[in-house]
Amino acid sequence: MPAMSETSHTKALFEILLRLGDNSLVLGHRLSEWCSKGPILEEDLALANISLDCIGQARLLLTYAGETEGKGRSEDDLAYGRLSADYRNALLVEMPNGDFGVTIARQLYYTVFADLLYSALRQSTDAQLAGIAAKAHKEIQYHLRHCTEWTLRLGDGTEESNRRIQKGFDELWAYTGDLFATTEADTQLVQAGIIPDVAALQAAWKTQIENILSQATLTLPQGTWMQKGSRQGIHTEHLSYLLGEMQSLTRAYPGASW
Amino acid sequence: MENTIQLEELFDAKLERGEFIEPKDWMPEKYRKTLIRQISQHAHSEVIGMQPEGNWITRAPSLRRKAVLLAKVQDEGGHGLYLYSACETLGISRDEVIQQLQSGKAKYSSIFNYPTLTWADMGAIGWLVDGAAIMNQVMLQRTSYGPYSRAMVRICKEESFHQRQGYEIMCVLAKGSPEQKAMAQDALNRWWWPTLMMFGPKDAESSNSAESIKWKIKRETNDELRQKFVDRTVPQAEHLGLTVPDKDLKWNAERNSYDFGEIDWEEFWNVVQGNGPCNKVRIENHVRAHEEGKWVREAAAAYAAKKAKAAQVQVA
Amino acid sequence: MSSVTDSQWPVWEVFVQTKSGMPHKHCGSVHAPDKEIALQNARDVYTRRSEGTNIWVVPANAITASSPEDIGPFFDPSNDKPYRHPTFYEIPEGVKYM
């Protein structure tokens with residue numbers, strides 16, 4: 001039944017595009033919360049640049065997700081019209097900013113992952129996704145440089161900075177497993193050469209994180225228990241607050257354009 | 001003493017010929033002080049100005065608006081940075097001028113002590129506040145101090161989208177639902193008068209104005225710029241179908257300009273002196289970010305020192 | 001770190017090359033604890049509108065500048081050497097490619 005498999009392919013691609021787009025959107029939103037609160041003016045600008053890259057990625061990915069779904073939903077319909085149960089971002093990116101150490105720890109965990117993922121996505125058999133990935137990967141390479149350098153400085157800086165960023169890495173550790181969780185959609189799209197097997201990226205991710213942390217005189221957390229749920233729309237308590245704020249205007253004035 | 005008089009004549013002659021003053025040139029102490037005061041005040045305004053708009057980044061109603069607003073607020077930070085750089089060429093550190101801001105010794109533009117209450121305020125600030133700032137900044141591109149002038153050239157080039165994005169927000173609201181139009185009118189009502197105050201006291205009462213003109217730091221007076229702003233902005237409000245909240249506003253064909261009502265100077269001086277709705281919270285936020293960032297700045301400095309020491313050992 | 005009491009890190013001058021083949025041009029300064037962060041900060045501050053292909057950062061205190069007093073002895077002597085300019089020489093009419 002070819003019609004049937006086409007529908008399920010579309011559904012799978014939609015799910016994956018939401019996952020990618022939501023990761024960028026939620027992380028971009030979190031980083032934008034830093035605006036005017038950075039540790040020094042230069043860093044304020046740096047965080048805003050990364051946030052802008054993420055929001056740009058989210059727009060491309062969500063637009064493509066809407067086109068794939070074929071129900072006429074725009075990037076904004078998807079960003080502003082869904083509640084947390086319909087969001088597919090990884091738990092890690094919705095975690096609150098905390099202090100600068102927590103933000104950098106979150107940034108490193110995610111960006112090493114994104115670097116591996118988007119590097120592979122450039123070879124996607126889906127030309128549109130490959131195109132988006134090529135653009136995004138360049139941005140991610142810079143983000144990686146930024147958070148790696150900061151991890152080194154905070155890890156090997158002062159006693160206080162070492163303690164703070166180690167705490168960030170420790171507290172966020174349990175949210176990293178969720179980055180590599182897969183669903184039926186993965187199986188389908190991996191077979192079609194559209195996405196890499198994310199589960200298979202985990203070993204390389206861990207090695208790279210371990211290397212950077214040890215260079216920074218930090219310890220890789222050892223816990224084995226991992227939080228999960230994002231693939232099923234089961235998020236932390238933090239996401240609904242983030243969305244409540246983000247969607248407050250569009251919900252107060254339904255149907256209005258801005 | 002004679003030497004100073006000679007130097008001062010040379011300095012005046014240079015200004016007369018329309019040449020720029022550069023950091024290592026001799027300059028009267030008062031010129032240096034005036035510049036430090038003005039440039040740092042300008043830098044602080046950009047940096048504090050990030051807060052009222054920064055307020056709405058997380059609530060921007062579309063992804064396009066969110067990106068534009070963040071880019072704009074980031075630009076303000078960048079402009080603050082360029083201006084601090086220019087200020088530092090006068091022999092004062094950024095650390096010191098930031099301390100002056102936080103202790104209340106240095107001022108910043110009072111406009112940022114007003115609250116941003118609705119999304120329409122993002123439109124009104126871009127349109128009115130940036131519009132007013134641009135009038136001032138275009139003039140300052142020709143200011144006599146080289147580093148200040150160069151910073152302003154760069155800033156003007158970057159600012160050109162700021163006013164447009166604000167006006168675009170107003171256009172959409174003015175053409176939107178009745179609630180949206182009311183939101184736009186309300187924002188104009190609240191921002192109009194504080195914007196006119198941005199140009200500073202009347203020429204007759206402005207203590208620094210005359211000297212700044214003489215030294216070509218400023219090229220147009222407060223009242224001249226304010227008039228120019230009103231003349232340009234009123235037709236833009238008409239185009240939006242919004243009403244400027246001034247019952248005395250009317251076209252004066254003889255002067256080829258608008259006559260407009262009297263500014264509430266009591267409010268102006270109160271906000272300058274710290275009694276505005278947000279003076280306290282703006283500075284508190286700045287101080288908090290500065291203090292919370294202390295350990296980060298120290299860590300980076302400690303890391304740099306360690307690496308430098310290690311490199312020295314390697315050489316030896 | 002030059003001074004413990006200064007919270008803002010040392011100053012670095014920033015030079016940006018806007019296109020390959022063009023000279024680097026001074027565009028301002030940033031504060032940074034070391035050269036890597038100086039480079040990143042310069043990138044984030046001065047190339048937000050794709051204005052760059054290459055960046056130099058230089059510690060501000062490593063730059064030596066001539067003084068305004070030097071303007072006479074430094075630059076006037078070259079005013080009386082018009083023979084350094086091509087227009088100084090007379091070439092017969094009709095001679096090409098010179």
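Every chain is numbered from 1 and lettered A, B, ... according to where its sequence line falls, protein lines coming before strand lines.
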Using a 4.5 angstrom heavy-atom cutoff, name the option from [options] with the most pairs to chain A.
| options | answer |
| --- | --- |
| B:R64, B:R288, B:Q51 | B:R64 |
| B:V47, B:D75, B:L81, B:I57 | B:L81 |
| B:Q180, B:E292, B:E298 | B:Q180 |
| B:P61, B:A300, B:A289, B:G293 | B:P61 |
| B:A71, B:G80, B:C171, B:G54 | B:A71 |
| B:K294, B:K66, B:E291, B:H286 | B:K66 |

### Query
More than 12 heavy atoms of other residues, nucleotides or ligands under 6.0 Å from NZ of B:K280: is that the case?
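Atom NZ in B:K280 is not crowded, with 12 or fewer foreign heavy atoms closer than 6.0 Å.
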### Message
More than 12 heavy atoms of other residues, nucleotides or ligands under 6.0 Å from CZ of B:R164: yes or no?
### Response
no
### Task
Mind telling me whether B:H42 and B:Y148 have parallel, tilted or perpendicular rings, with 30° and 60° as the class edges?
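Taking B:H42 first and then B:Y148, their aromatic rings stand perpendicular (interplane angle over 60°).
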### Message
Below 30° counts as parallel, above 60° as perpendicular, anything between as tilted: where do the rings of A:Y109 and A:W173 land?
### Response
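The arrangement is tilted - the two ring planes meet at 30° to 60°.
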Any idea which of [options] has the most non-hydrogen atom pairs under 4.5 angstrom with chain B?
| options | answer |
| --- | --- |
| A:D44, A:T250, A:N49 | A:N49 |
| A:I55, A:L45, A:L25 | A:L45 |
| A:M246, A:E43, A:R164 | A:R164 |

[X] versus chain A, heavy atoms under 4.5 Å apart: side chain, backbone, both or neither?
| X | value |
| --- | --- |
| B:M170 | neither |
| B:K307 | side chain |
| B:E179 | side chain |
| B:L173 | side chain |
| B:R65 | side chain |
| B:R94 | side chain |
| B:S62 | both |

Please classify the contact between [X] and chain B as side chain, backbone, both or neither, with a heavy-atom cut-off of under 4.5 Å.
| X | value |
| --- | --- |
| A:D156 | both |
| A:L152 | both |
| A:E42 | both |
| A:F100 | both |
| A:I165 | neither |
| A:L52 | both |
| A:N162 | neither |

Does the side chain of [X] come under 3.5 Å of the side chain of [Y] through a donor N or O and an acceptor N or O?
| X | Y | answer |
| --- | --- | --- |
| B:Q99 | B:H290 | no |
| A:T236 | A:E94 | yes |
| B:E158 | B:Y82 | yes |
| A:H146 | A:Q107 | no |
| A:E245 | B:T58 | yes |

### Query
Name the one of A:Q141, A:H137, A:K135 that satisfies side-chain hydrogen bond (donor to acceptor under 3.5 Å, both in side chains) with A:E139?
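Exactly one pass, corresponding to A:K135.
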### Task
Would you check if A:L83 and A:S240 make a side-chain contact, meaning some heavy-atom pair closer than 4.5 Å?
no
